[in-house]
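Notes for the one structure printed next.
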2 protein chains.
Amino acid sequence: MKFLSEKNPDQQRTFEIINEGLSKKAVIVLMVCCRVIYEGRARSKLASGDRMIIIKSDGSFMIHQDRNLEPVNWQPPKSQCKASLKKGIMYIEGKRRNPPERLEVEIHNTYIASYFNGEDSKDLELTGYEENMRELVFENPEIIEEGFRPSNREYSTPNGFIDVLGKDKNGNLMVIELKSRRAGINAVKQLKKYLDCFSDHKEFVRGILVAPSITGDAEELLEEYKLEYKSLEPPREFGNDKNLTLDFFNQADSKNY
Amino acid sequence: MKFLSEKNPDQQRTFEIINEGLSKKAVIVLMVCCRVIYEGRARSKLASGDRMIIIKSDGSFMIHQDRNLEPVNWQPPKSQCKASLKKGIMYIEGKRRNPPERLEVEIHNTYIASYFNGEDSKDLELTGYEENMRELVFENPEIIEEGFRPSNREYSTPNGFIDVLGKDKNGNLMVIELKSRRAGINAVKQLKKYLDCFSDHKEFVRGILVAPSITGDAEELLEEYKLEYKSLEPPREFGNDKNLTLDFFNQADSKNY
DNA sequence: CACTAGATCTCGTGT
DNA sequence: ACACGAGGTCTAGTG
């Protein structure tokens, strides 16, 4: 089953749902009345009230109040989470060794208990200065190399979006991955993933990592994968950027209101 | 009604539930398949996948993946949230003016839609902070060293605020930098910067880094700068009900182990 | 409003 | 495992 959701489960049933969710490595969400104590890097207590509890499969454990972006109490990923029933009262405990920490929730009443087993392989793609680099590359393609002709930005593949796609002076396809800061092995792996999408392509496809600098590991991996590296500093004037953003919002405003 | 939870609502029904939740100032929780676009202080996009969406009554807006403590995308409290249906597709948009930001979620499918109107008047009680250390130092100055007399907290200098300023038993000025966690080289550099403000002082000024522990690098740098280190743990007692609190925690411990 | 500094910061990355 | 830097940091507190 992909998900489960029950209203007003009793303590015993809440206990079962949590354990089911844990064993299925699902995301567990509870709406409960509870009190909380934390002891570890710091120490805290929270008297009884209605809150939302979230337990993720990586061990992330959060207690959210009805205000603020941040959880009022939490335990980071990789902590060990387990539920227990003692004298008819439910407890959830999140623990970790290093640093030694313990988060305990005493549940007095459960309004909703649910878990959810979703599929999500996609990672966030953040573009800040990368955007400016892309503009720079399109305005001055020779900055990459003489004869380079960019064709697509944000070219969509099953493995994500290619920053810049183009061809060199000999007509070879070029996949460009931009990084605004020192690039590590992950950038190389990402570039490789994009190139895998062209594995059935009959001609050779070049992959170029463009960044201000790269780590030693990245350099080695590039060589192993037969990929290239081009050093390029991101343009740092943010005068343009600001205007662009404002334009964007003005457009958005006129569109939506 | 205190809460509502529905499984597999269609787009229209999801739309209704969100609006109901918003108007009741409830916490809204959705399990959906969605893609996300953010534009504001930075820019990001997240391809389609299963995620959890949380909207709180203070305007906090989060999108959580099945991993990590932090939301993959979010909008801080006080942002304006609204849902819309366009050509049969659900969108949720979180916006704010300053700084201009926009978060848009395109919902392809809803597994669970729920909202919850809890009661929670209680605030977290926390201890084990730098602030608690400062109080401790003023109450028990001899904890730093015998004869120490603290005079100012948050003493303003051109290079920032000195945590604690005072004099030792010989009348030498003492600059104290507090850290509630393991201190690194940055803490030492910071302390050095404060001391530079007294470079024209005719007498010798002592600089003491006070923290539970320090890194090796920090120790070396301290020696180079002729600064001192005093080991001190941040106090972990709660404000008023010290005994009550300890009892509370001891009870919790003895109950669970 | 702005500015400052701390945080159970978290998260990634390099050593 | 530890140390360091960045963050759409967030959050509380001042001016």
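Proteins get letters first, then strands, A, B, ... in listed order; numbering begins at 1 in each.
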- Sequence neighbours left out, what passes side-chain contact (heavy atoms from CB on, under 4.5 Å) with Gln65(B)? Give chain and number order. Asp120(A), Leu46(B), Arg51(B), Arg67(B), Val72(B)
- Give a yes/no verdict on a cation-pi contact between Lys45(A) and Phe238(B), requiring under 6.0 Å between NZ or CZ and the six-membered ring centre and an angle within 45° of the axis. yes
- Query: Is Asp50(B) reaching over with its side chain to a backbone N or O of Gly118(A), donor-acceptor style, under 3.5 angstrom?
  - Reply: no
- Side-chain donor-acceptor pair under 3.5 Å between Ser60(B) and Asn68(A), yes or no? no
- C1' atom, dG14(C) versus dG8(D): distance in rounded Å? 25 Å
- Query: Lys189(B) or Tyr38(B): which one's nearest nucleotide on DNA chain D is closer to the 5' end?
  - Reply: Lys189(B)
- Query: So where does chain A start and stop touching DNA chain D, 5' to 3', when the test is distance under 4.0 Å to a non-hydrogen atom?
  - Reply: dC2(D) to dA12(D)
- Just to confirm, is there a sub-4.0 Å distance from OP1 or OP2 of dT10(C) to any side-chain nitrogen or oxygen of Trp74(A)? yes
- Query: Start at the 5' end of DNA chain C and walk down; is the nucleotide closest to Asn73(A) or to Gly216(A) reached first?
  - Reply: Asn73(A)
- Task: Report which part of the nucleic acid Glu131(B) touches: base, sugar-phosphate, or nothing (heavy-atom distance under 4.0 Å, all strands).
- Result: nothing
Short heteroatom pairs, N/O only, protein and nucleotides 11-14 of chain C, under 3.5 Å:
residue: dC11(C); atom: OP1; partner: Leu69(B); partner atom: N; Å: 2.7
residue: dC11(C); atom: OP1; partner: Glu70(B); partner atom: N; Å: 2.9
residue: dT13(C); atom: OP1; partner: Asn186(A); partner atom: ND2; Å: 3.3
residue: dT13(C); atom: OP2; partner: Asn186(A); partner atom: ND2; Å: 2.9

- For side chain to side chain contact (heavy atoms under 4.5 Å, CB included), just list the numbers for Lys78(A) and Asp58(A), CA-CA rounded to whole Å, side-chain angles, deciding distance to a tenth of an Å, and then say yes or no. CA-CA 6 Å; Lys78(A) 290 172 191 169; Asp58(A) 67 351; over 6 Å; no
- Item | Sequence neighbours excluded - side-chain hydrogen bond (donor to acceptor under 3.5 Å, both in side chains) pairs with any residue from residues 206-224 of chain B | Glu145(B)-Arg206(B), Asp168(B)-Arg206(B), Arg182(B)-Ser213(B), Arg206(B)-Glu228(B)
- Partner residues of Thr157(B) under the side-chain hydrogen bond (donor to acceptor under 3.5 Å, both in side chains) criterion, sequence neighbours left out: none
- Message: Please evaluate residues Glu101(B) and Tyr38(B) with respect to the criterion side chain to side chain donor-acceptor pair (under 3.5 Å), reporting the C-alpha separation (whole Å), side-chain torsions for both, the decisive distance (0.1 Å), and the verdict.
- Response: CA-CA 8 Å; Glu101(B) 288 191 303; Tyr38(B) 159 76; 2.5 Å; yes
- Query: Is there a donor-acceptor pair under 3.5 Å between the side chain of Gln75(B) and the backbone N or O of Gly59(B)?
  - Reply: no
- Message: Using only atom types and a distance under 3.5 Å, with no angle test, would you say the side chain of Arg43(B) pairs donor to acceptor with the backbone of Thr127(A)?
- Response: no
- Expected output: side-chain Asn132(B) to main-chain Pro234(B) donor-acceptor under 3.5 Å: no
With 3.5 Å as the limit, what N/O pairs link the protein to nucleotides 2-5 of chain C?
none

